[in-house]
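Below is one structure, written out as structure tokens, with a few remarks after it.
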Amino acid sequence: MTSLKLLALDNDDLSVISAHMQDAVFRISDMSFQMRPGLFSLAANRFVWEDSAGRRKAYERRRALLSFKRVSAVRSIGFDRANGDNVLSLLAVRYRAEGEGPEGVVELVLSGGGMIALDVECIEAQLADTGGAWETSLKPGHPGD
């Protein structure tokens with residue numbers, strides 16, 4: 001399988017990134033926010049949903065980097081940011097517009113009710129696989145699956 005590289009500039013694009021990042025897991029210490037350039041990044045182990053159809057035993061995860069540009073602030077709820085070794089699971093990435101322009105809030109929705117909110121000037125996100133794949137026998141499950 002080739003490495004995934006996606007760019008999101010609107011809500012429809014962001015929903016594609018959300019689908020690829022569903023059930024990605026990461027440590028709190030894998031998040032970074034650089035205020036001066038307005039860059040938020042998250043290194044995660046994403047589940048390879050696009051290659052999971054029809055498989056029964058061996059699935060894949062890949063190391064990936066999700067980054068957002070034009071971020072002015074980052075807020076979180078539902079977890080202790082001081083405990084960098086805690087592992088979080090990403091359920092969805094969604095966008096909420098604020099006002100008439102392109103500014104709004106990107107919400108990284110976490111399992112267990114947590115959330116990371118990014119205040120953005122506009123949607124500008126990138127997702128790229130950064131390493132090889134490895135097998136996992138566990139496929140994430142959701143109610144109704």
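Residue numbers count from 1 along this sequence.
Between Phe26 and Ala43, the shortest heavy-atom distance links the atoms CB-O, 3.4 Å. In plain terms, the two heavy atoms of Ser67 and Leu39 that are nearest each other are CB-CD1, 4.1 Å. Residues Trp49 and Ala19 approach most closely at CD1-O, 3.8 Å, considering heavy atoms.
Formation of a donor-acceptor pair under 3.5 Å by the Asp13 side chain with backbone atoms of Leu9 is found in this model. Proximity of a side-chain donor or acceptor of Arg61 to a complementary backbone N or O of Asn45 within less than 3.5 Å is detected. Put simply, the side chain of Asn83 never gets that close to the backbone of Asp80: no donor and acceptor are under 3.5 Å apart.
In this structure, Asp23 does not pair ionically with Lys139, as no charged nitrogen and carboxylate oxygen lie closer than 4.0 Å.
Of the inter-residue distances, the one linking Asn86 atom CG with Ile28 atom CD1 reads 4.5 Å to the nearest 0.5 angstrom. Atoms CG and OG, on Asp119 and Ser72 in that order, are 4.5 Å from each other to the nearest 0.5 Å.
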Hey, mind stepping through Glu98 and Val105 against side-chain contact (heavy atoms from CB on, under 4.5 Å) and telling me if it holds? CA-CA 7 Å; Glu98 297 205 344; Val105 178; 3.5 Å; yes
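Leu65 and Leu4 are not part of a single hydrophobic cluster, where members link through side-chain heavy atoms under 4.5 Å apart. Note: the hydrophobic cluster containing Leu7 does not contain Val16 (ILVMFWY, side chain heavy atoms under 4.5 Å, direct or indirect links). Both Phe79 and Leu66 are assigned to one and the same hydrophobic cluster, defined by single-linkage of ILVMFWY side chains at heavy-atom distances under 4.5 Å.
Using a 4.5 Å heavy-atom threshold, the side chains of Leu6 and His20 count as touching. Put simply, the side chain of Arg46 reaches to within 4.5 Å of the side chain of Asp129, judged on heavy atoms. Annotation: side chain of Phe47 is in contact with side chain of Thr136 (closest heavy-atom distance under 4.5 Å).
Annotation: Arg70, atom CZ; neighbour count of heavy atoms from other residues, nucleotides and ligands within 6.0 Å does not exceed 12.
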